[in-house]
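A short worksheet on the structure shown next.
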Amino acid sequence: MAGGLGQGTGKSARTYAGLGVPLILPAWLIIGIFLVVPILIMLVYSFLTKEFRGGVIWEPTLAAYDQFFFDRGLFGDEPPKIEWTYILIFWRSIWQAGLATVLCLLIGFPTAWFIATRPPNSRTIWLFLITVPYWVNLLIRTISMKFLIRDNGPLNQWLLDAGLISEPIHVINTATAVQLGLFYSYLPFMVLPIYAAVERYNFALSEAAADLYASRWVTLTQVIIPSVKPGIIAGCILVFVPSLGAFLAPDLLGGAKNFMIGSLIEEQFKGAAGNWPFGAAAAMILLTMVLIVLIFYARSQARGAR
Amino acid sequence: MKNLLKTGASALALSLMATVATAEGKLSIYHWFEYIPQELLDKFAAEYDVEVTLDTYDSNEALLAALKAGKLGQYDVAVPGDYMVEIMGKEGMLDTFTDDEMPLKGNILPQWMDVGFDPGRKSSIPYQWGSTSFSVNRDVYSGDIQTTDIIFNPPEELKGKINVLDTAGETLTLASIHLGIPQCTTDREQLKALNDLVQNAKQYWASFGSDVAKDVLVSGDAAAGMIWNGFGMKAREEGANIEYAYPAQGYIVWMDNVVLLKDAPNRENALKFMNFLLEPENAAAVTNYARYTAGVKGVEPFLEEAVKSAPELNPPAGGNPQFVQACDEEVQKVYDTIWTNLKK
């Protein structure tokens with residue numbers, strides 16, 4: 001795939017090839033300094049001894065990972081059992097992020113398809129409308145959603161006034177509200193990559209499929225979806241990964257009643273626990289999970305390219 | 001320029017711009033959210049020709065974490081609560097000042113002078129003090145509210161409509177008061193009882209939130225909520241029909257203090273600012289804004305009537321006020337486990 005342009009184009013490719021290293025250098029430096037180094041610090045911290053009220057003592061230990069996987073009771077002196085607390089918190093985050101991804105896909109795919117099939121000049125307007133909410137900070141948007149969905153907020157008020165419901169629908173401070181927040185926050189991340197894929201899709205293929213007596217369903221599943229699959233997978237990753245670490249929606253819409261991975265980690269650094277090694281370990285475990293997803297994606301991409 | 005500013009005829013925005021443009025020095029404050037009026041900062045900036053910047057935090061623990069994570073040396077002053085002053089002192093995060101450097105130190109009320117968390121006031125001055133208990137919406141519940149049962153064993157009307165503070169320190173301390181057990185107890189039965197209490201009470205709670213504690217009461221999302229007395233007064237003044245309780249079992253009292261941070265980049269200005277806050281008129285301005293109580297003599301003439309007569313700020317005689325204690329590592333670990341279990 002990578003060789004497509006470079007190979008066989010002769011002199012010009014060779015002329016520009018030498019420029020590659022200096023051009024990529026700033027990106028490498030930024031990634032190296034601001035991404036790789038912090039992750040390494042985090043990795044090291046996760047194996048250090050916790051200092052009371054935040055901070056670390058430079059003595060290596062597995063205590064943070066032990067705390068994650070083993071339950072030793074309220075006073076820490078019972079024989080170790082499997083610790084379900086953090087597994088539960090991680091499972092809650094994965095479930096919420098997965099559901100948000102599925103919902104975003106169900107709404108995002110038709111939306112992207114709709115936009116990509118408009119005349120080119122009106123597509124710009126539709127895309128513009130998709131990105132408008134992004135001019136406002138995520139925190140403000142999440143608080144706005146809280147205003148909208150609260151028990152005596154406008155949405156419930158309209159439904160009551162219209163006589164559609166007799167009692168306010170209680171959504172605020174529930175898992176549903178968290179889901180709503182995640183779905184709303186990350187929907188454009190699904191629409192945009194799918195749109196980019198659909199826009200490149202050769203609609204003659206659909207016509208050809210129809211000419212060969214393929215039903216609409218078969219055309220969709222056998223022709224269209226395989227063609228735009230890279231866009232779908234990219235969209236899913238862009239929704240799933242940030243949802244997994246989200247803490248604004250759980251805090252503001254879910255009432256901070258149940259930890260998600262993000263808020264659990266935040267608590268280790270900002271809260272009374274002040275357990276930096278454990279926060280780092282939880283973050284490393286999260287990072288490992290995300291990496292597994294990305295490797296899975298990369299491999300499926302490579303297979304697709306072959 | 002300074003004179004021009006002091007004539008005070010210029011508009012606020014203009015004076016602010018002028019200050020920024022010509023300030024001779026800087027002052028970097030690390031403070032709680034919604035706790036100091038902008039006018040007072042502007043006044044200090046104009047009087048001393050100092051450019052003031054303000055960052056905020058939402059809990060004592062968040063303040064400590066930020067300073068530990070490398071922000072020490074970046075701020076001049078911070079405003080920790082009583083027990084956190086003690087912790088920060090032990091962590092070596094505080095600088096000391098002499099009496100000469102704090103000419104208005106004599107303005108501190110005698111009862112706030114020789115405090116346990118900073119004997120003799122070597123590193124801190126009083127900012128405001130107040131209490132932590134809860135407010136209840138009187139449209140929803142009209143019964144007796146002077147009991148911690150409201151939060152931990154609520155009447156039918158309040159079930160599922162309660163907000164508690166999202167800090168283990170205050171919420172678990174109020175729970176200890178409810179049970180009548182000492183803070184930082186090492187007694188296993190008592191700690192188990194504490195764990196069981198909050199585990200069971202959680203079903204009645206709608207949300208955990210500190211910075212939203214006022215908002216949820218005003219909007220009606222919560223019908224009862226743990227809150228600081230001044231914040232509760234603000235909520236009432238914003239239209240919520242709520243009443244602040246001084247429960248019979250006891251309640252939390254605290255004092256926030258302006259501390260001189262170690263390695264303050266603008267130590268001189270920090271001292272000027274602390275002195276400035278000891279002037280009765282300025283301490284009163286904070287009280288009028290934040291609705292807590294100053295620890296400085298002579299504020300009364302400058303106080304608003306509403307503050308003087310507010311039920312939130314006039315605790316009944318007697319009662320059982322308790323300062324939050326800083327537990328040792330062993331007990332704190334159990335508290336952390338209880339808190340994580342509660343929110344899992």
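Protein chains get the first letters and strands the later ones, always in sequence-line order, with residue 1 at the start of each. Note that this is a predicted model, so its numbers are computed, not measured.
Among the residues in residues 78-101 of chain A, those with a non-hydrogen atom closer than 4.5 angstrom to a non-hydrogen atom of chain B are A:T85, A:Y86, A:L88, A:I89, A:R92. For residues 27-41 of chain A, heavy-atom neighbours of chain B at less than 4.5 Å comprise no residues at all.
If you measure heavy-atom distances from B:V212 to chain A, the contacts under 4.5 Å come from the side chain alone. For chain A, the nearby parts of B:A206 are the backbone and the side chain; heavy atoms of each come within less than 4.5 Å. When heavy atoms are compared at a cutoff of 4.5 Å, B:N60 does not approach chain A at all. For B:E329, the parts lying near chain A are the backbone and the side chain together; criterion is any non-hydrogen pair under 4.5 Å. Only the side chain of B:I87 comes within contact range of chain A, with heavy atoms under 4.5 Å apart. With a 4.5 angstrom heavy-atom cutoff, A:N152 touches chain B only via side-chain atoms. Of the atoms belonging to B:T167, not a single heavy atom falls under 4.5 Å from chain A. For A:F52, the parts sitting under 4.5 Å from any heavy atom of chain B are the backbone and the side chain alike. Proximity to chain A is limited to the side chain of B:K202, based on heavy atoms less than 4.5 angstrom apart. Proximity to chain A involves both the backbone and the side chain of B:A326, based on heavy atoms less than 4.5 angstrom apart. In this structure, no portion of A:Q67 lies under 4.5 Å from any heavy atom of chain B. Only the side chain of B:E91 comes within less than 4.5 Å of a heavy atom in chain A; its backbone stays farther off.
For B:E170 and B:W228, the side-chain atoms include at least one donor-acceptor pair closer than 3.5 Å.
Rounding to the nearest 0.5 Å places OG of B:S176 at 9.0 Å from CD of B:Q190.
B:E34 has a carboxylate O that lies under 4.0 Å from a charged side-chain N of B:K234, or vice versa, which qualifies the two as a salt bridge.
Among B:I151, B:L165, B:L342, B:D166, the one residue that satisfies the side-chain contact (heavy atoms from CB on, under 4.5 Å) test with B:T171 is B:L165.
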